[in-house]
Amino acid sequence: MKKLSIVIVAVASLLMGCGKDITAPATPDTLLAATYAKGADVSWVSQMEVGSIKFYNSAGTEQDLFQILKDKGINSIRLRAWVNPADGWSNTGDVVAKALRAKNAGFRILLDLHYSDTWADPGQQAKPAAWAGQDINALKASVSSYTIGVMTALKDKGITPEWVQVGNETNNGMLWEEGKASVNMKNFADLVQAGYAAVKSVSPTSKVIVHVSNGYDNALFRFIFDGLKANGANWDVIGMSLYPTAANWQSLNDQCLTNMNDMVTRYGKEVMLAEVGMPVAEAAAAKSFITDIITKNNSLPNGKGLGVFYWEPEAYNGWQGYQLGAFDASGKPTIAMDAFLIK
């Protein structure tokens, strides 16, 4: 019996070493589909370049940012859109110019509609000044007409975003107070649906994303997406943000994987990490974090994991006070960006 047990164990070990358990999560050597999005949000690029900020490749040679990113494995660009920003950056004209540049460089495009004149995130979802006095019905109409306007401006330049976010980090809805999810989930759902229908009316092939931060927080995601589903909203992709540190990225990634799997099971939708980042000083940990979250997202069943986007990696030397970029003080990519070379 002992000899037989040894043989059984040996055979089992051999099988485990030579084969791959189809139920096991993906490993770093897992091949990514050609359609897997390895992305970067570089919405600051035009403003930085006007400010004479230069970018350099890993060898220290000055180069166009888009080429540097492409050489690091990036295949998709995310761009935020603001309605009427005070300084003009990220308005429709600026978005179209950057999108055309990205398209001509061979990138796929994710359009991120904030429905605000400024930052929209979990702590602020301010209506555009021009929409300030509108009730929910007028806001739905404004969401629709604005979305159609941006999509049409892109279409007129031959640009079809592959993905379009209706709202940014809408943990508690958008267009407050009318669209605050904790106060009136139906209003939020109606606004999402207005954006969804508007996107599809211009570009039926574009996938609509609803984006929520804290990708590790399953209760939050169930609150938002149960609420949207119960109130008749449609969406194609669940977008997440994830901003860990060197100390907690492994635990947050594990929780995020649990949440991603639950989203697929519960709603049957695709899942994307629309924003990730880590302090620039933690570049080695950031590389491990990104490699792992790509692997985990890619492991979702039936190809439901769509991709991972780094938020403003090109920001360096504390640009706009931001310290979570992935370029060093000399304007070169840190080793964090090497994570996107995974194939």
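Please read these numbers as outputs of a predicted model, since none were measured by experiment.
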Q) Backbone N or O of N248 within a donor-acceptor pair of the S251 side chain at under 3.5 Å? A) yes

Q) Cut-off 3.5 Å, side chains only: do H211 and T170 have a donor facing an acceptor? A) no

(Q) One pair to check against side chain to side chain donor-acceptor pair (under 3.5 Å): D71 and Q67. What are the steps and the verdict? (A) CA-CA 6 Å; D71 291 342; Q67 187 59 52; 2.9 Å; yes

Q | Between Q250 and D254, a side-chain donor and acceptor under 3.5 Å | A | no

(Q) So W89 and V50, do their side chains get closer than 4.5 Å, heavy atoms only? (A) yes

**Q.** salt_bridge(K54, D64) N-O dist < 4.0 Å
**A.** no

Q. Hey, is the main chain of F55 close enough, under 3.5 Å, to the side chain of E314 for a donor-acceptor pair?
A. no

Q. Using the ring of each side chain (for Trp, its six-membered ring), is W131 parallel, tilted or perpendicular to Y146, with breaks at 30° and 60°?
A. perpendicular

Q: Indicate yes or no for a side-chain donor-acceptor contact from S201 to the backbone of A198 under 3.5 Å, with no hydrogens or angles considered.
A: yes

Q: Say whether D94 and S46, considering side chains only, have a donor N or O and an acceptor N or O under 3.5 Å apart.
A: yes

Q. Is any NZ, NE, NH1 or NH2 atom of the basic residue among E178 and K127 found under 4.0 Å from an Asp or Glu carboxylate oxygen of the other?
A. yes

Q: Take the angle between the ring planes of H114 and W82 and call it parallel below 30°, perpendicular above 60°, tilted in between.
A: perpendicular

Q. Do we see a donor-acceptor contact under 3.5 Å between the side chains of Y36 and N297?
A. yes

Q: Would you check if the side chain of N214 reaches a backbone N or O of Y216 as a donor-acceptor pair within less than 3.5 Å?
A: no

Q.
To the nearest 0.5 Å, what is the distance between CG on N317 and CG on D328?
A. 8.5 Å

(Q) Working to the nearest 0.5 angstrom, can you tell me the gap between C256 SG and I293 CD1? (A) 4.0 Å

Q. Are D262 and R222 close enough for a salt bridge, meaning some N to O gap below 4.0 Å?
A. yes

Q.
If we ignore hydrogens and angles and just use 3.5 Å, is the side chain of N231 paired with the main-chain N or O of G227 as donor and acceptor?
A. yes

Q.
Between R78 (side chain only) and S43 (backbone N and O only), is there a donor and an acceptor less than 3.5 Å apart?
A. no

Q | Atom pair CE/CG of M272 and L300 - distance to nearest 0.5 Å | A | 12.0 Å

Q | Aromatic plane relationship, Y267 with F225 - under 30° parallel, 30 to 60° tilted, over 60° perpendicular | A | tilted

Q) Side chains of F340 and T291: closer than 4.5 Å at any heavy-atom pair? A) no

Q: State whether a side-chain donor-acceptor pair under 3.5 Å links E275 with Y310.
A: no

Q. Are side-chain heavy atoms of W319 and I53 found at a separation under 4.5 Å?
A. yes

Q. With a 4.5 Å heavy-atom cut-off, do D112 and E169 have their side chains touching?
A. no

Q. Is it the case that S142 and Q134 place a side-chain donor and acceptor less than 3.5 Å from each other?
A. yes

Q) Quick check: does any side chain N or O of K304 sit under 3.5 Å from a backbone N or O of G268, one acting as donor and the other as acceptor? A) yes

(Q) Check this for me: does any side-chain nitrogen of one of D338 and K72 sit under 4.0 Å from a carboxylate oxygen of the other? (A) yes

Q) Just by distance, with hydrogens left out, do T147 and Y115 show a side-chain donor and acceptor under 3.5 Å apart? A) yes

Q. Which heavy atom in A40 sits nearest to a heavy atom in I74, and how many Å separate them?
A. N-CG2, 4.1 Å

Q | Side-chain heavy atoms of V237 within contact of V271, under 4.5 Å | A | no

Q. Rounded to the nearest 0.5 Å, how far apart are OG of S145 and NZ of K140?
A. 13.5 Å

Q.
Strictly distance-based, threshold 3.5 Å: is any side-chain N or O of S206 a donor or acceptor partner for the main-chain N or O of P161?
A. yes

Q) Looking at P122 and W176, what are the two nearest heavy atoms and their distance? A) O-CH2, 3.4 Å

Q.
Would you say M240 ends up clustered with L306 if hydrophobic residues are merged whenever their side chains have heavy atoms under 4.5 Å apart, either directly or through other cluster members?
A. no

Q.
Using every non-hydrogen atom in the two residues, find where N259 and G215 come nearest and quote the distance to one decimal.
A. ND2-O, 2.8 Å

Q) How many angstroms lie between atom OG1 of T160 and atom CG of L154, to the nearest 0.5 angstrom? A) 8.5 Å

Q) Between E162 and K103, is there a side-chain N and carboxylate O pair less than 4.0 Å apart? A) no

Q: Test the R80-W44 pair against the cation-pi criterion, namely NZ or CZ under 6.0 angstrom from the six-membered ring centroid and within 45° of the ring axis.
A: yes

**Q.** Under 3.5 Å donor-acceptor, N75 side chain and K38 backbone
**A.** yes

(Q) Measuring only between side-chain heavy atoms, which start at C-beta, is Q165 closer than 4.5 Å to V210? (A) no

Q: Answer yes or no: is there a side-chain heavy-atom contact under 4.5 Å between I209 and V164?
A: no

Q) Judged by modelled atom types alone, do T245 and E282 share a side-chain donor-acceptor pair under 3.5 Å? A) no

Q: Measure the shortest side-chain to side-chain distance between T61 and Y56 over non-hydrogen atoms and say whether it is less than 4.5 angstrom.
A: no

Q: Verify whether one side chain among D292 and N253 offers a donor that lies under 3.5 Å from an acceptor in the other.
A: yes

Q) Quick check: does any side chain N or O of D117 sit under 3.5 Å from a backbone N or O of N84, one acting as donor and the other as acceptor? A) yes

